[in-house]
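Data first, discussion second: the structure below is written as structure tokens.
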Amino acid sequence: MYDYDLLVVGSANADLVIGVERRPGAGETVLGSDLAVHPGGKGANQAVAAARLGARTALLARVGDDAHGRLLLDSQRESGVDTVGVLVGGAPTGVALITVDPSGDNSIVVSPGANGRLTPGDVHAAASLFQASRVVSAQLEIPLETVVEVVRSLAEDSRFVLNPSPPRPLPTEVLAACDPLIVNEHEAKVILGDSAVGDTPEDWARILLAKGPRSVVVTLGAEGALVASAQGIARIPAVKVDTVDTTGAGDAFTAALAWRLGTGASLPEAAAYAARVGAVAVTRQGAQVSFPTAAEVEALCCADPGGNPRTPGRGSDSATGMSSRDEVR
């Protein structure tokens, strides 16, 4: 019935990455590594991550008619993503300025560029893509009114997954469509606003559910994740690996979870698989280039989540470190 397992609607950026010994404070200059340019953006990242895992994936996004835009299109096509929905022109390609410290943590500033010109009209014009997609995933690096139009364009039986990053208050119409809403601690507190009461992820998840989403996932970094729905609340343990770079790990998690939900997996099952995908991603530099194939995820999964599986490409005695952080892109 569906041509695509996953349609991703969102941003496509060129990631300009510099390694630093420590991130600078206000007014401070620090020296960094040579500049590396990678294809990125939360939408483009999710599309590549899903396609690498074997999902039939399409991307609806906008890039500039420039070298960065061509870089992004090439990356999507090489990964097997259908780019029929990628629009070209209107503004320069979006850019993310990323610093990564020795622990693998990152800081990111995004210039939206063409992402800010992805309009509700563009979504409406792509109605055939929505009708052909089992699951639709979005983020908030595109205009909020465009995300609202995404919700209104969903096929009757399709599922909507939202990672509200960067976070902002969401309309009731969008919240009600989320199945699940995927947030980290910071994003949860922004969306909850004055409703943010309680100190535990379980508290946040219950209040978020009361606001309308059909299900909620709270990512907890080294503590794993929490899933919540009308069926109850469950903790998903993290996978321990040697963290190299957390850039893009959150996108890999979201894409893997969205795809597995579309295959019929339960929310806890999909989140456990997504945790393993994110764990592989953080063992490598970069965003899209770090995303694993299904075979590479399987190679990591020699132990249950929360155990001590080996880092991909290393012996089983080298599994130390932490899983993907919940605050990463």
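Inter-residue side-chain proximity for L226 and W204 is flagged as unmet; no heavy-atom pair is nearer than 4.5 Å. Between I182 and E187 the shortest side-chain heavy-atom distance does not fall below 4.5 Å. Residues P120 and V148 have side chains not in contact (no heavy-atom distance under 4.5 Å, counting atoms from C-beta outward). For the pair V161 and P180, the minimum side-chain heavy-atom distance is below 4.5 Å. Taking 4.5 Å as the limit, some side-chain heavy atom of P292 sits within range of a side-chain heavy atom of V277. With contacts defined as side-chain heavy-atom distances shorter than 4.5 Å, the pair L144/L170 qualifies. Contact check for E149 versus D122: no side-chain heavy atoms found under the 4.5 Å cut-off.
Judged by distance alone, the side chain of E78 and the main-chain N or O of S75 form no donor-acceptor pair under 3.5 Å. Within the 3.5 Å criterion, the main-chain N or O of G121 finds a donor-acceptor partner in the side chain of T119. With hydrogens and angles disregarded, no donor-acceptor distance shorter than 3.5 Å links the side chain of D15 to the backbone of V17. Side chain of S165 to backbone of N163: no donor-acceptor contact under 3.5 angstrom is found. Side-chain N or O atoms of E141 include one that pairs as donor or acceptor with a backbone N or O of K42 at under 3.5 Å. In this structure, the side chain of R52 engages the main chain of Q288 through a donor-acceptor pair within 3.5 Å. Checking side-chain atoms of S79 against main-chain N and O of V48 turns up no donor-acceptor pair under 3.5 Å.
The shortest non-hydrogen separation linking F253 to A225 is CZ-CB, 4.4 Å. Taking each heavy atom of G248 and N45 in turn, the nearest pair found is CA-ND2, 4.2 Å. Between L6 and A255 the shortest heavy-atom distance is CD2-O, 4.4 Å. Considering all non-hydrogen atoms of both residues, S229 and S215 come closest at CB-CB, 4.0 Å. Closest of all the heavy-atom pairs between P213 and L181 is CG-CD2, 4.1 Å. Scanning all heavy atoms of the two residues, the minimum distance from S111 to N13 falls at O-OD1, 4.4 Å.
Counting heavy atoms of neighbouring residues, nucleotides and ligands inside a 6.0 Å radius, atom CD of E21 does not exceed 12 of them. More than 12 heavy atoms of other residues, nucleotides or ligands shown are found within 6.0 angstrom of CG on L35.
Side chain to side chain, D101 and S103 meet the donor-acceptor criterion of an N or O pair below 3.5 Å. A donor and an acceptor atom, one from each side chain of T99 and R23, are nowhere located under 3.5 Å apart. Donor-acceptor pairing under 3.5 Å is lacking for the side chains of Q76 and T83.
Once rounded to the nearest 0.5 Å, the distance linking CG of L7 with CG of L154 reads 9.0 Å. Summarising the geometry, atom CG belonging to L118 is positioned 5.0 Å from atom CD1 belonging to I142; distances are rounded to the nearest 0.5 Å. For the atom pair D242 CG and T283 OG1, the distance stands at 8.5 Å (nearest 0.5 Å). A distance of 6.5 Å separates CG of L129 from CG of L60, quoted to the nearest 0.5 Å. The CG atom of D5 lies 11.5 Å from the CZ atom of R260; values are rounded to the nearest 0.5 Å. Note that the CD atom of E298 and the OH atom of Y273 stand 8.0 Å from one another [nearest 0.5 Å].
Between F160 and the options V9, D179, V150, V135, a side chain to side chain contact (heavy atoms under 4.5 Å, CB included) holds for only V150.
Following chains of ILVMFWY side-chain contacts shorter than 4.5 Å, one can reach L87 starting from F130, so the two form part of one hydrophobic cluster. The hydrophobic clustering, which links ILVMFWY residues whose side-chain heavy atoms are closer than 4.5 Å, places I233 and I207 together. Criterion: ILVMFWY side-chain heavy atoms under 4.5 Å apart, direct or through other members. Under it, I18 and L16 are part of a common hydrophobic cluster. One hydrophobic cluster holds both V174 and L192 under the rule that ILVMFWY side chains link at heavy-atom gaps under 4.5 Å. There is no path of hydrophobic side-chain contacts, each under 4.5 Å, that joins V217 to V190.
For the pair R134 and Y2, the cation-pi test (distance below 6.0 Å, angle within 45°) is failed.
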Any chance you could lay out the salt bridge (Lys or Arg N to Asp or Glu O under 4.0 Å) test for E185 and K189, step after step, and finish with the verdict?
CA-CA 6 Å; E185 177 179 352; K189 290 180 176 179; 3.0 Å; yes
Check the pair V95 / L97 against side-chain contact (heavy atoms from CB on, under 4.5 Å), numbers first and verdict last.
CA-CA 7 Å; V95 172; L97 307 177; 3.8 Å; yes
Between R70 and T93, does a side-chain contact (heavy atoms from CB on, under 4.5 Å) hold up when you go through it step by step?
CA-CA 9 Å; R70 291 186 286 276; T93 300; over 6 Å; no
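Between E173 and R152 there is a salt bridge, since a side-chain N of the basic residue sits under 4.0 Å from a carboxylate O of the acidic one.
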